[in-house]
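A short write-up of the structure that comes next.
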Amino acid sequence: MKKINHFIEEHTVLCSILLYFVGYLFVGSLIISFTPSKYQIYTRLIISLFLFFFMIRISRKEFDNIIEQINEVLGTGALITAVTTFIIFVINIALTFLSVAIFKQTTVNNNIISFLFAQHPYIMGLITILLLPFVEELLFKSQIFKNTKFLKEHKVIKTIIVALLFSNFHCITEIVTLDYKVIFSLINYFIFYVITNTIYIKSNYNIMKPIAIHMLLNTLSLIITI
């Protein structure tokens with residue numbers, strides 16, 4: 001057990017990447033696909049909870065001063081959080097409108113979330129609003145951006161590269177099938193990452209700020225699908 005804990009401490013980036021891309025996306029999706037359809041949503045919830053708790057475990061150092069981080073989000077950073085969320089939401093609406101108006105489609109990822117939310121609003125609300133924002137922000141900001149040495153002294157370039165990774169990951173089905181109609185969604189996710197990562201850097205790596213924005217944005221996005 002001590003060896004496992006030591007390995008996690010020394011390789012948090014690798015562990016978080018394996019947990020998400022191999023454990024959640026591959027193994028988790030495989031488990032869900034073999035689950036009877038009426039139980040799939042509960043399987044998805046259990047897998048998401050495991051992902052959430054293990055990602056928190058791997059990234060626990062990011063929460064050493066969690067009280068101060070939350071106080072900053074709710075106090076001096078509350079206005080910035082609210083305004084930023086509103087700006088990103090407006091951009092989101094505009095780009096989604098363009099995608100639907102011009103190409104008559106959004107991403108497969110968004111369609112799946114909307115469908116599942118319509119069928120199971122409380123469970124999907126828990127997954128989308130609470131669990132996944134923590135997981136994705138810890139992975140793409142704390143681990144891949146902050147904790148890797150790659151381009152560590154070139155934050156602007158690194159932000160752009162990770163933003164491209166983040167946006168392509170959220171449109172992976174369309175990317176694999178070379179569907180050019182996904183362009184507005186790619187821009188949407190790219191802008192989201194650049195803005196929230198800039199706030200993350202400017203706040204001295206307060207991870208709760210991008211998490212709060214992500215949670216609020218997902219809440220608003222789900223509300224307009226009702």
Side-chain angles (χ1 to χ4, degrees), residues 5 8-21 23-25 48-89 92 125-167 169-170 188-221:
N5 289 333
I8 292 174
E9 292 287 343
E10 294 295 319
H11 303 89
T12 59
V13 177
L14 175 62
C15 290
S16 60
I17 289 174
L18 290 176
L19 174 65
Y20 191 78
F21 289 102
Y24 180 66
L25 295 185
S48 298
L49 284 168
F50 271 106
L51 173 68
F52 172 79
F53 286 116
F54 276 107
M55 189 66 78
I56 295 290
R57 166 67 180 81
I58 292 170
S59 308
R60 69 183 186 278
K61 287 185 178 180
E62 303 298 323
F63 302 101
D64 284 345
N65 57 338
I66 183 65
I67 302 301
E68 290 81 0
Q69 291 186 54
I70 293 175
N71 286 339
E72 186 179 343
V73 172
L74 298 177
T76 56
L79 180 60
I80 294 176
T81 300
V83 171
T84 303
T85 302
F86 178 75
I87 292 172
I88 297 175
F89 183 64
N92 189 337
L126 174 62
I127 293 172
T128 308
I129 295 172
L130 179 61
L131 304 181
L132 291 186
F134 268 89
V135 171
E136 291 187 356
E137 296 305 318
L138 285 170
L139 175 63
F140 287 97
K141 290 188 174 66
S142 292
Q143 299 298 344
I144 295 178
F145 180 83
K146 177 188 170 188
N147 292 338
T148 55
K149 296 179 180 179
F150 172 69
L151 289 174
K152 201 169 185 68
E153 303 304 319
H154 303 277
K155 294 178 182 178
V156 173
I157 298 175
K158 190 171 185 177
T159 295
I160 293 172
I161 291 174
V162 181
L164 288 171
L165 174 65
F166 180 82
S167 57
F169 156 74
H170 280 85
N188 194 2
Y189 287 114
F190 181 85
I191 292 174
F192 168 83
Y193 187 89
V194 169
I195 293 175
T196 53
N197 200 60
T198 301
I199 290 175
Y200 178 55
I201 295 169
K202 296 295 184 181
S203 66
N204 194 28
Y205 300 105
N206 180 346
I207 192 60
M208 290 308 301
K209 281 194 174 182
I211 287 174
I213 294 170
H214 200 152
M215 292 172 70
L216 288 171
L217 186 65
N218 282 4
T219 301
L220 293 173
S221 298

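No experiment lies behind these values; they were computed from the predicted model shown. Below, each value reflects all heavy atoms present in this structure, side chains not excepted, and no hydrogens, waters or symmetry copies.
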Go through the structure and list residues passing salt bridge (charged side-chain N to carboxylate O under 4.0 Å, His left out) with Arg57, not counting sequence neighbours. none
Residue set satisfying salt bridge (charged side-chain N to carboxylate O under 4.0 Å, His left out) with Lys61, at least two apart, ordered chain then number -> Glu9
Around Phe54, counting heavy atoms of other residues, nucleotides and ligands shown, do more than 12 lie under 6.0 Å from its CZ? no
Only counting residues at least two apart or in another chain, list the ones meeting side chain to side chain contact (heavy atoms under 4.5 Å, CB included) with [X].
X      : value
Asn147 : Thr12, Val13, Glu62, Gln143
Thr81  : Val73, Thr85, Ala212, Ile213, Leu216
Tyr205 : Phe145, Lys146, Lys155, Tyr200, Ile201

Taking side chain to side chain donor-acceptor pair (under 3.5 Å) as the test, write out the residues that go with Thr219, two or more places apart. none
Can you name the side chain to side chain donor-acceptor pair (under 3.5 Å) partners of Asn188, sequence neighbours left out? Asn92
Measuring from [X]:[atom1] to [Y]:[atom2], what's the distance to the nearest 0.5 Å?
X      : Y      : atom1 : atom2 : answer
Ser142 : Ile207 : OG    : CD1   : 3.5 Å
Ile195 : Ile88  : CD1   : CD1   : 4.5 Å
Ile17  : Ile144 : CD1   : CD1   : 4.5 Å
Ser48  : Met55  : OG    : CE    : 11.5 Å
Ile8   : Ser16  : CD1   : OG    : 11.0 Å
Phe89  : Leu220 : CZ    : CG    : 5.0 Å

Sequence neighbours excluded, which residues qualify as ring pair (Phe, Tyr, Trp, His ring centres under 6.0 Å) partners of [X]?
X      : value
His154 : none
Phe21  : Phe169
Phe50  : none

CA sep, side-chain torsions, deciding dist, call: Val162, Tyr193, side-chain contact (heavy atoms from CB on, under 4.5 Å): CA-CA 8 Å; Val162 181; Tyr193 187 89; 3.2 Å; yes
Would you be so kind as to tabulate the donor-acceptor pairs closer than 3.5 Å made by side chains of residues 126-139, with sequence neighbours excluded?
| from | atom 1 | to | atom 2 | distance (Å) |
| --- | --- | --- | --- | --- |
| Thr128 | OG1 | Met124 | O | 2.8 |
| Glu136 | OE1 | His170 | NE2 | 3.2 |
| Glu136 | OE2 | His170 | NE2 | 3.3 |
| Glu137 | OE1 | Lys141 | NZ | 2.5 |
| Glu137 | OE2 | His214 | ND1 | 2.6 |

Pairs involving residues 196-218, ordered by first then second residue, that meet salt bridge (charged side-chain N to carboxylate O under 4.0 Å, His left out) (sequence neighbours left out): Glu72-Lys209
Considering only heavy atoms from C-beta outward, does the side chain of [X] approach that of [Y] to under 4.5 Å?
X      : Y      : result
Tyr20  : Leu25  : yes
Phe190 : Phe166 : no
Ser167 : Phe192 : no

Between Asn197 (side chain) and Thr159 (backbone), is there a donor-acceptor pair under 3.5 Å? no
